[in-house]
Amino acid sequence: MKMACDLACENVDRGGGPFGAVIVKDGEVLAAAGNSETLDNDPTAHAEVNAIRQACRLSRNFKLDGCVVYSSCEPCPMCLSALYWAGVSRIYYGNTAADADRINFGDDFIYKEIEKPHLERAIPCIHMEDTTAIESFNKWAAKDDKIAY
């Protein structure tokens, strides 16, 4: 946890945001990263996502089974989802979502948006019935040599 928190402080000094994440497997650090949204012009470059990308490249696997994550802050909805998709075993965090909200990094808006009906969201989500959209799903379902995830 100290490494994640130290990364967060160093990241502020480098011009990034106050977040750091470390991914560990079997006591070995696989990846350590700060967030870099403003540095990379990438809104998805949160510390946890950056660490996931590093760990997956290093392990040459899109899954991080058996890995533990140490994050300087409670993961936001995007990062939490990514950590679930990666299949990590456990997440430890320092600052809470309420702590992040106090310095204007609040995620409460997103949590509330997710609960709303699609058309009532700040960014309306509109289902378009289209017969071509299902074709890729049908193709995937019929594929014998797919890698399940």
Side-chain angles (χ1 to χ4, degrees), residues 1-12 16-26 28-130 133-141 143 146-149:
M1 180 57 79
K2 180 163 179 12
M3 183 184 283
C5 295
D6 288 347
L7 270 168
C9 286
E10 292 166 13
N11 205 48
V12 171
F19 302 95
V22 177
I23 299 178
V24 176
K25 183 167 187 172
D26 299 327
E28 180 184 336
V29 173
L30 288 182
N35 67 319
S36 59
E37 297 98 315
T38 57
L39 299 171
D40 295 339
N41 295 313
D42 179 353
T44 68
H46 290 202
E48 296 90 341
V49 172
N50 286 342
I52 288 168
R53 290 173 179 157
Q54 286 178 19
C56 287
R57 271 193 303 274
L58 180 69
S59 65
R60 294 185 172 154
N61 196 332
F62 66 94
K63 295 296 281 180
L64 296 173
D65 296 328
C67 289
V68 175
V69 176
Y70 297 89
S71 180
S72 65
C73 186
E74 184 175 354
C76 75
M78 177 185 69
C79 292
L80 184 60
S81 296
L83 292 165
Y84 268 92
W85 283 117
V88 303
S89 298
R90 188 160 295 190
I91 302 164
Y92 294 97
Y93 62 91
N95 294 314
T96 66
D99 294 328
D101 189 53
R102 281 192 285 280
I103 60 166
N104 297 316
F105 282 100
D107 300 319
D108 194 47
F109 169 76
I110 295 172
Y111 285 113
K112 289 177 181 172
E113 284 292 296
I114 290 170
E115 294 176 1
K116 290 181 181 179
H118 292 99
L119 292 175
E120 293 177 20
R121 294 178 179 166
I123 301 173
C125 297
I126 303 155
H127 176 237
M128 295 179 65
E129 292 197 35
D130 176 66
I134 199 68
E135 288 177 18
S136 63
F137 280 19
N138 291 338
K139 191 173 185 176
W140 176 260
K143 187 173 172 65
K146 63 184 165 230
I147 298 172
Y149 58 97

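The analysis underlying the following values was restricted to heavy atoms, covering all of them including side chains, and did not include hydrogens, waters or symmetry mates.
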- request: Kindly write out the residues that satisfy ring-ring contact (aromatic ring centres under 6.0 Å, His included) with Phe105, not counting sequence neighbours, or none if the list is empty.
  value: Phe19

- request: Considering non-hydrogen atoms only, spot the tightest contact between Ala51 and Ala31 and give its length.
  value: O-CB, 3.3 Å

- prompt: So Asn50 and Ser36, side chain to side chain contact (heavy atoms under 4.5 Å, CB included) or not? Walk me through it.
  reply: CA-CA 8 Å; Asn50 286 342; Ser36 59; 3.0 Å; yes

message: With heavy-atom distances below 4.5 Å as the criterion, would you say the side chains of Ser59 and Leu64 are in contact?
response: yes

field: Test salt bridge (charged side-chain N to carboxylate O under 4.0 Å, His left out) applied to Lys116 - qualifying residues, sequence neighbours left out
entry: Glu113

statement: Between Leu30 and Lys25, the two heavy atoms sitting closest are CD1-CB, 3.9 Å

- prompt: What's the shortest heavy-atom distance between Cys73 and Ser71, and which atoms?
  reply: O-OG, 2.7 Å

query: For Ile91 and Leu80, what are the C-alpha separation, side-chain angles and deciding distance, and is it a side chain to side chain contact (heavy atoms under 4.5 Å, CB included)?
result: CA-CA 9 Å; Ile91 302 164; Leu80 184 60; 3.9 Å; yes

- request: Measure across Phe109 and Ala122 and return the closest heavy-atom pair with its distance rounded to 0.1 Å.
  value: CZ-CB, 3.8 Å

query: Crowded around Lys63 NZ? As in, over 12 foreign heavy atoms under 6.0 Å?
result: yes

- request: Identify the heavy atoms of Cys79 and Glu48 that sit nearest to each other, and give their distance.
  value: SG-OE1, 3.3 Å

statement: Those residues at least two apart in sequence (or on a different chain) that pass salt bridge (charged side-chain N to carboxylate O under 4.0 Å, His left out) with Arg102 are Asp99

statement: Nearest heavy-atom contact between Leu7 and Ala33 is CD1-N, 3.6 Å

task: For Asp42, enumerate each residue passing the salt bridge (charged side-chain N to carboxylate O under 4.0 Å, His left out) test, keeping only those at least two apart in sequence or located in another chain.
output: Arg53

field: From CE (Met1) to OH (Tyr70), nearest 0.5 Å
entry: 8.0 Å

- prompt: Do other residues, nucleotides or ligands put more than 12 heavy atoms under 6.0 Å from the CE atom of Met3?
  reply: no

task: Answer yes or no: are there more than 12 heavy-atom neighbours, outside Ile103 itself, under 6.0 Å from its atom CD1?
output: yes

query: Can any side-chain N or O of Asn35 pair as donor or acceptor with the backbone N or O of Gly17 at less than 3.5 Å?
result: yes

query: Should Glu10 and Asp6 be marked as a side chain to side chain contact (heavy atoms under 4.5 Å, CB included) after you check the CA-CA gap, both sets of side-chain angles, and the distance that decides it?
result: CA-CA 6 Å; Glu10 292 166 13; Asp6 288 347; 4.2 Å; yes

message: Can you tell me how far apart CD1 (Ile23) and CD1 (Ile52) are? Round to the nearest 0.5 Å.
response: 5.5 Å

- prompt: Can you find a pair of side-chain heavy atoms, one from Thr44 and one from Met78, that are under 4.5 Å apart?
  reply: yes

Whether Lys146 side chain and Trp140 backbone form a donor-acceptor pair below 3.5 Å: yes

Residues that Lys143 engages under side chain to side chain donor-acceptor pair (under 3.5 Å), provided they are two or more places apart: Asp145

task: Quick one: which residue pairs count as a side-chain hydrogen bond (donor to acceptor under 3.5 Å, both in side chains) with a foot in residues 82-91, not counting sequence neighbours?
output: none

